[in-house]
2 protein chains.
Amino acid sequence: MASIGIKDVAAEAGVSVATVSRALNGHPSVSPAARERVLAAVETLGYRPNAVARSLRTDQTRTLGLVISDVMNPYFTELARSVEEEARALGYSVIIGNADERPDLQDHHVTTLLDRRIDGLLVSPTDGGSPRMLDAARAGTPMVFVDRWIPGVDVPVVRSDGRAAVRDLVAHLYGLGHRRLAIIAGPAATTTGRERVDAFREALGAYGLPLPDAYIGQGDFQADSGRRVTEGFLDLPEPPEVVFAADNLMALGALDAVRARGLRVPEDIALAAFDDIRWFVHTDPPVTAIAQPTGDLGRAAVRALVDRIGGRPGESVTLPARLVVRRSCGEAAPQETPSPSPVRRSTP
Amino acid sequence: MASIGIKDVAAEAGVSVATVSRALNGHPSVSPAARERVLAAVETLGYRPNAVARSLRTDQTRTLGLVISDVMNPYFTELARSVEEEARALGYSVIIGNADERPDLQDHHVTTLLDRRIDGLLVSPTDGGSPRMLDAARAGTPMVFVDRWIPGVDVPVVRSDGRAAVRDLVAHLYGLGHRRLAIIAGPAATTTGRERVDAFREALGAYGLPLPDAYIGQGDFQADSGRRVTEGFLDLPEPPEVVFAADNLMALGALDAVRARGLRVPEDIALAAFDDIRWFVHTDPPVTAIAQPTGDLGRAAVRALVDRIGGRPGESVTLPARLVVRRSCGEAAPQETPSPSPVRRSTP
DNA sequence: ATCCTCCGTGTAATCGATTCCACGAGGAGG
DNA sequence: CCTCCTCGTGGAATCGATTACACGGAGGAT
């Protein structure tokens, strides 16, 4: 059952293990004849190098860890996919850890990944920063935050800035005549959770609209919380005219709640969401959303991380999000907005 | 930068590395005093064992490989999630490889995973079986097929049988008065691609209905193919009254195509899909679908694989799928069918 | 012809754990 | 009191690669 190792190849080719290793790693000082024989031996034996042994010796695994908040969230799924693609192109594998928005699970994955001596870590933190992760960052593990981040840590951040898009959204809603706007917020422990509320409040302020506390529902980025918060909104003596969900799953929950009451979107209440996903085109009604350049984010994050691994600085990147208007806020949109997403960079 | 190793712990605790190793692995013959000192040393030094070195020595990585056809497909996402959960409960990590329905990518991932000496492999084959995978199976790598499988290989299969649910679906459609039923098939190279067509044809036969070739569209489990095939159906001199998509993404594509023509579902054409996903509740209209017990499949697959790794046989499992009626085939359903999915086991 | 350089190669150390084997101390049994 | 086990422990081999170092031979310069 013991698989063939480099020694077997050496024997078959009639050379030493050192020569085999050199031939396989493209080391310059190997004679063409020897290289030839090694390759032939590898072929006939079907030899494959043991990555575990190699990693132990070279102290690099050519593996990246990706810890995300929730794989079932289409946004993160897409992010994970683009991360894996770019990593593969750069010769890395990716191990994904699903934190399910639970700090303890997040820590479990970080620990496991570190134990496996991954070369670098991509994290979208669930909370404000567990000691374990901060330790890792301080200990010099190459690390990059993606989507969400933790303030005060010297780690590059790759994310999307939704501020402008939120302003566009509020302008759109205001233009449609809506004045009572509510938001289903994400956890205050996450940067995205806070930022989206701030951006919303700020945009509202520009139109002289208030954001009363009763119109700020505390969600946790999961569908259930969207449902619960929306029910609360509907029970208010003066319910909002619009509900803005800070992520796509909470929007789904909101849709559930509205439907359960027998109300209609957008006639009875309008709905908008942060994060655009392909299903929003086909929901009833199609949902107006803020789209992040997810693929670009994933690729930029991997490049920044690989830079860090290579000893280079690894730049932070902030990409703009954009508003995609559909029918869920009223008044049919003439067509899908096809504007390509511009790319902007900055280093904080 | 060199992290602390077992030697440092041994020095700190004033014992040998052997004792440290034994203490950490719960070996019986370690004195309480020594164990105490080792644990204390581990604590003060913040020592974490190097999983790479351990794997090299013990020849096990406590890692499972999962190669799936398409992460962006919510069905596989959910599968991956349940696999990871069960694996974690059993002390394993999971490395996910996304094949994107491409045999070459699938091979790449299988090779990479094997190089990393994963303990076992969970595969949902994209094609009829690449040499690389068959080699792996023959070479004795613990392996389990999930969802799709390759005939003629001695590997346990964990999957769902949709035959009965497809019969229920056809009965439902027939009862609604539909007589011209078409299907968007999956790739013939996959078992699920073939089976769903067979089951559909068989169920149609029971009602004396034909399944003409013109009503069998060849898709590839991706949204685009669903769109393309549906357009073909609509161009037919006598278009079908119902389109049954063999997976959820092709159903999405079909919805796109129908919408682009300005037609309505189900008034102009009815739609049903294999694989139920949460968004189908909120699409316009809600989509009638066949739901697989995805979570159970994932968990059963992991258990079978871990059995194999442990030298036990590892049983094949087939679980029934069930029909979930919604509005996309006509006539509003009174309510969501809440029947719990029964569990049945068999060993082929 | 002599010496110096490369060049290709092999031997052996190394990475950080686990584990076989040997050994000494102490207790039980004769 | 001697022998034999058992128990806790440490030394050293081992897993499968990479790589520093040494070495012999060929070729060029003087």
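Each chain gets a letter, A, B and so on, in the order its sequence line appears, and its residues count up from 1. Quantities reported herein were computed from a predicted structural model and do not represent experimental measurements.
Rounded to whole Å, atom C1' of dG11(D) lies 13 Å from atom NZ of Lys7(B). With rounding to whole Å, Asn25(B) atom CG is found 11 Å from dA17(C) atom P. The interatomic distance linking Ile6(A) (CD1) with dA17(D) (P) rounds to 5 Å, in whole Å. Separating the CZ atom of Arg62(A) from the C1' atom of dT18(D) is a distance of 15 Å, rounded to the nearest angstrom.
Residues from residues 36-61 of chain B that place a heavy atom under 4.0 Å from any atom of DNA chain C, listed by number: Tyr47(B), Pro49(B), Asn50(B), Ala53(B), Arg54(B), Leu56(B), Arg57(B), Thr58(B). In the region residues 113-120 of chain A, proximity to DNA chain C at under 4.0 angstrom, judged on heavy atoms, holds for none of the residues.
Side-chain atoms of Ser93(A) and Arg116(B) form a donor-acceptor pair, as typed in the model, at a separation below 3.5 Å. Remark: the Arg117(B) side chain and the Ser55(B) side chain contain no N/O donor-acceptor pair separated by less than 3.5 Å.
Looking only at side-chain heavy atoms (C-beta outward), Arg299(B) and Val302(B) stay at 4.5 Å or farther from each other. A 4.5 Å side-chain heavy-atom check between Asp119(A) and Tyr92(A) finds at least one atom pair inside the cut-off. Counting heavy atoms from C-beta on, the side chains of Arg88(B) and Thr112(A) never come closer than 4.5 Å. You'll find the side chain of Phe76(A) stays beyond 4.5 Å of the side chain of Thr294(A), heavy atoms only.
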I'd like a list of close polar pairs between nucleotides 24-28 of chain D and the protein, N/O only, cut-off under 3.5 Å.
none

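One distance of note links CG of Leu66(A) with CG of Leu113(A); it measures 9.0 Å at 0.5 Å rounding. Residue Ile95(A) holds its CD1 atom at 13.0 Å from CG of Leu122(A), rounded to the nearest 0.5 Å. Rounded to the nearest 0.5 angstrom, Arg303(B) CZ and Leu90(B) CG are separated by 8.5 Å.
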Requested in this report: Could you please spell out the steps behind the side-chain contact (heavy atoms from CB on, under 4.5 Å) verdict for Glu84(A) and His109(B)?
Outcome: CA-CA 11 Å; Glu84(A) 196 273 336; His109(B) 283 121; 3.0 Å; yes
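Of all heavy-atom pairs spanning Val94(B) and Ala87(B), the tightest one is CG2-CB, 3.5 Å.
With salt bridges taken as basic N to acidic carboxylate O contacts below 4.0 Å, one links Arg48(B) and Asp115(A). With respect to Arg102(B) and Asp100(B), no salt bridge is recorded, no charged nitrogen being found less than 4.0 Å from a carboxylate O.
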Query - Per-nucleotide protein contact string for nucleotides 4-10 of chain C, where B marks a base within reach and S marks sugar-phosphate only (heavy atoms under 4.0 Å, - for neither) - result: ----SBB
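Summary for the helix from dA1(C)-dT30(D) to dG30(C)-dC1(D): the axes at its two ends, each from 5 pairs, differ by 50° when rounded to the nearest 10 degrees.
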Scan the side chains in residues 145-155 of chain B for donor-acceptor partners under 3.5 Å anywhere in the protein, sequence neighbours excluded, and list what turns up.
from, atom 1, to, atom 2, distance (Å)
Asp147(B), OD1, Tyr75(B), OH, 2.9
Arg148(B), NH1, Ser69(B), OG, 3.2
Arg148(B), NH1, Glu101(B), OE1, 3.2
Arg148(B), NH1, Pro125(B), O, 3.4
Arg148(B), NH2, Glu101(B), OE2, 3.0

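Listed for the Gln106(B) side chain is a donor-acceptor partner under 3.5 Å among the backbone atoms of Thr126(B).
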